[in-house]
Structures are given as structure tokens and as C-alpha cells.
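Here is the structure we will look at.
FYI, the numbering just counts along the sequence from 1. Side-chain atoms are counted along with the backbone in the values below, which use heavy atoms only and exclude waters and symmetry mates.
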Amino acid sequence: MELLLLAIIALCSGIVGALVGLGGGVILIPATLFFGLEIGLFPDITPQRVVGLSVVMMIFTGLSSTLSYVKSKQIDFKSGFIFFIGSIPGAMLGAYLNKNLDLPSFNLYFGILLIVLSTLLLVRDRLKPIHWFVNHGMKRHFIDKNGIEHEYGYPIWFGIIFTFFVGIISGVFGIGGGSLIVPAMVLLFLFPPHVAVATSMFLVFLTSLVNSASHIYLGNVPWGYTIPVIIGAYVGAKLGAALNKRLNSKTVVILLQVVMFLMGVRSILEGLFNK
């Protein structure tokens with residue numbers, strides 16, 4: 001029963017993660033902590049172990065999504081590898097910092113992060129794109145299925161520094177980093193949204209390899225829970241990537257904003273009052 005529940009959570013995480021480029025950790029982590037510690041289904045779960053489980057899951061979420069997006073030629077591989085350069089040291093540092101967090105502190109900081117991310121998702125369509133980064137950086141081009149050419153770009157140095165800090169957050173909280181990098185790609189670097197989501201999932205895959213290695217080394221991966229999570233996440237990511245190509249994801253993003261905000265408030269309350 002417990003393993004089936006984990007597979008369902010991972011399935012939902014994979015669908016949402018691949019659909020909007022988040023990686024899925026924002027669903028898996030609070031849901032697993034709730035059912036594990038509040039309900040008592042996974043009493044051996046800790047903040048460190050759930051983050052370890054999440055980053056392993058995101059290898060397969062990212063791989064499944066990447067394979068799907070390769071077929072539609074939506075991934076900017078060059079940008080993905082450039083961003084990965086910054087993410088490597090950030091993810092390793094984040095995994096190290098994670099080991100010092102107790103459960104109340106993790107809940108508090110994770111809750112604040114969820115509210116920040118939900119706010120970013122809420123306002124990203126209302127903010128005006130910034131052209132400075134394209135005008136002062138490496139320019140990229142993409143022709144969509146309607147034959148329209150899009151120009152986007154960024155200074156390489158800024159992309160590396162920015163993804164270093166994204167990597168730290170990813171390593172500490174196990175959320176994949178896509179929830180920060182996608183708004184930046186769209187608003188700062190003027191990526192077409194579908195290219196931003198696809199490239200983000202490719203970056204999630206690469207970063208999760210480093211993240212997982214760090215958490216495995218630190219003994220943070222609960223191996224008994226990984227199989228149902230991997231299967232659920234892989235299937236979910238396939239479904240999410242397919243939906244991304246067919247649907248306007250605005251409704252899903254709005255729902256995700258509400259869920260993340262409520263989870264964030266609950267997590268903050270847990271961190272403040274259940275010490």
C-alpha cells in the first residue's frame with residue numbers, strides 16, 4: 001500500500017514536472033513528508049532522505065522528458081550544457097548544506113521557497129520581458145512549428161553564475177531548479193516558453209546526476225522507496241511531455257500556484273509550531 005502510494009505521488013510529480021518544467025520535487029517532497037511523518041506511513045523519512053529520493057526521481061523525470069522533447073526538437077542543448085556548468089558546483093554545495101537542516105528548519109525554509117515560487121509563477125505572465133540580456137549576450141534562434149523565428153539569448157557569464165545559485169537551491173531542497181530557471185529563461189533571456197520548459201527538463205536531468213551522486217555519497221537515498229518512485233516518475237514525465245505539446249498549460253500552472261502556496265503556508269506553520 002505504501003509503495004503504491006509513493007508510485008502515485010511520483011506519477012503526479014512527473015506529469016506536473018514535465019508539463020511546466022519544474023522537475024517534480026515540489027510535489028514529491030511535501031506529499032511524502034505529509035504521508036510519511038504526519039500520517040505515519042514512512043516513519044523513517046527525514047528531510048535529507050526525502051531530498052535524496054527526490055533527486056534520484058528527477059534523473060528519470062528529466063530523462064523521460066528529454067527523450068520526448070528530443071523528438072520535437074524543442075531542446076536547446078548548447079544552453080543546457082552552459083547552464084549545467086554553473087549547476088555542478090552549486091548542486092554539490094547544496095547537498096552538503098542540506099545535511100545540517102533539521103525537520104522544523106527544512107519545513108520553514110521549504111515553505112518560504114514554495115511561496116516565492118508560486119508568486120513567480122503568478123506574476124511571470126504579467127511582467128515585461130527584459131531585452132538587455134539578449135542584446136548583450138550570445139544570441140540563439142528557434143523556428144517554431146508555425147515557421148515563426150524567435151531570437152533569444154544571454155551573457156554566458158550571467159547564465160553560469162545564475163545557475164550556480166539555482167544549483168544550490170536544487171541541492172538543498174531537491175526540487176530540480178526548473179521552477180527558478182524557467183521564469184528566468186522566459187523573462188530575462190526571452191526563450192520561447194516551450195523551448196524553456198524542454199531545456200529546463202534537460203538541465204534537470206543533468207543536474208540530478210550530480211545531485212544524486214552527492215546525496216548517495218552522503219547516505220541520503222532511501223533505496224527501498226526508489227523503484228516505485230522511479231517507475232511512477234518516468235511514466236508521469238512521458239505523459240506530462242505529451243500534454244505540453246498539445247495543451248495550453250496555463251490552467252495547470254494556475255492550479256500549481258494554488259497548491260504550492262497552500263503547501264508553502266502549511267510547511268511554514270509546521271516549521272514554526274511543531275518543533
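When all heavy atoms are compared, the tightest approach of Pro47 to Asn98 is O-ND2, 4.3 Å. Residue Leu190 comes nearest to Ile130 through the heavy atom pair CD2-O, 3.8 Å, listed as atom of the first residue, atom of the second, then distance. The minimum heavy-atom distance between Gly14 and Thr61, with the atom names listed, is CA-CG2, 4.2 Å.
With Ser170 contributing its side chain and Ala91 its backbone, the two residues share no donor-acceptor pair below 3.5 Å. In this structure a side-chain-to-backbone donor-acceptor pair under 3.5 Å is missing from Ser105 to Leu101. Put simply, the side chain of Ser267 gets close to the backbone of Asn107: a donor and an acceptor are under 3.5 Å apart. Thr163 contributes a side-chain N or O that, together with a main-chain N or O of Ile160, makes up a donor-acceptor pair within less than 3.5 Å.
Residues meeting the side-chain contact (heavy atoms from CB on, under 4.5 Å) test with Ile59, sequence neighbours left out: Phe205, Ser208, Leu209, Ser212. Scored by the ring-ring contact (aromatic ring centres under 6.0 Å, His included) test, His131 finds no partners at all (sequence neighbours excluded). By the side-chain contact (heavy atoms from CB on, under 4.5 Å) test, Phe162 is found to be paired with Phe158, Val166, Ile181, Ala184, residues two or more places apart in sequence or in another chain being considered. Among residues two or more places apart in sequence or in another chain, the side-chain contact (heavy atoms from CB on, under 4.5 Å) test is passed with Leu93 by Leu97, Phe164, Ile168. In this structure, the side-chain contact (heavy atoms from CB on, under 4.5 Å) partners of Leu4, at least two apart in sequence or on a different chain, are Ile8. Listed by chain and residue number, nothing satisfies the side chain to side chain donor-acceptor pair (under 3.5 Å) test with Glu2 (two or more places apart in sequence, or in another chain).
Side-chain atoms of Phe191 and Val197, non-hydrogen and from C-beta on, never get closer than 4.5 Å to each other. Residues Phe189 and Val134 form no side-chain contact, since every pair of their non-hydrogen atoms from C-beta on lies 4.5 Å or further apart.
Put simply, Met185 and Ile143 are part of two different groups of oily side chains (I, L, V, M, F, W, Y) that touch within less than 4.5 Å, one to the next.
Shown here is Met92, whose CE atom has no more than 12 heavy atoms of other residues, nucleotides or ligands within 6.0 Å. Applying the 6.0 Å contact sphere to CZ of Phe165 captures no more than 12 heavy atoms from other residues, nucleotides or ligands.
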Please output the side-chain donor-acceptor pairs of residues 217-238 that fall under 3.5 Å, not counting sequence neighbours, one pair per line with the distance.
residue, atom, partner, partner atom, Å
Asn220, ND2, His215, ND1, 3.0
Tyr225, OH, Asp44, OD1, 2.7
Thr226, OG1, Trp223, O, 2.8

Please output the side-chain donor-acceptor pairs of residues 76-83 that fall under 3.5 Å, not counting sequence neighbours, one pair per line with the distance.
residue, atom, partner, partner atom, Å
Asp76, OD1, Lys78, N, 3.3
Asp76, OD1, Ser79, N, 3.1
Asp76, OD1, Ser79, OG, 3.4
Asp76, OD1, Arg140, NH2, 2.9
Asp76, OD2, Ser79, OG, 2.8
Asp76, OD2, Arg140, NE, 3.2
Asp76, OD2, Tyr152, OH, 2.7
Ser79, OG, Tyr154, OH, 2.6

Inset, instruction - Show the numbers, then the answer: is there a side-chain contact (heavy atoms from CB on, under 4.5 Å) between Phe202 and Phe84? - result: CA-CA 10 Å; Phe202 175 57; Phe84 182 51; over 6 Å; no
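Applying the salt bridge (Lys or Arg N to Asp or Glu O under 4.0 Å) test to residues at least two apart or on different chains, none of the pairs has a partner in residues 147-163.
In the hydrophobic clustering, Ile148 connects to no other residue, as no ILVMFWY side-chain heavy atoms lie under 4.5 Å from its own.
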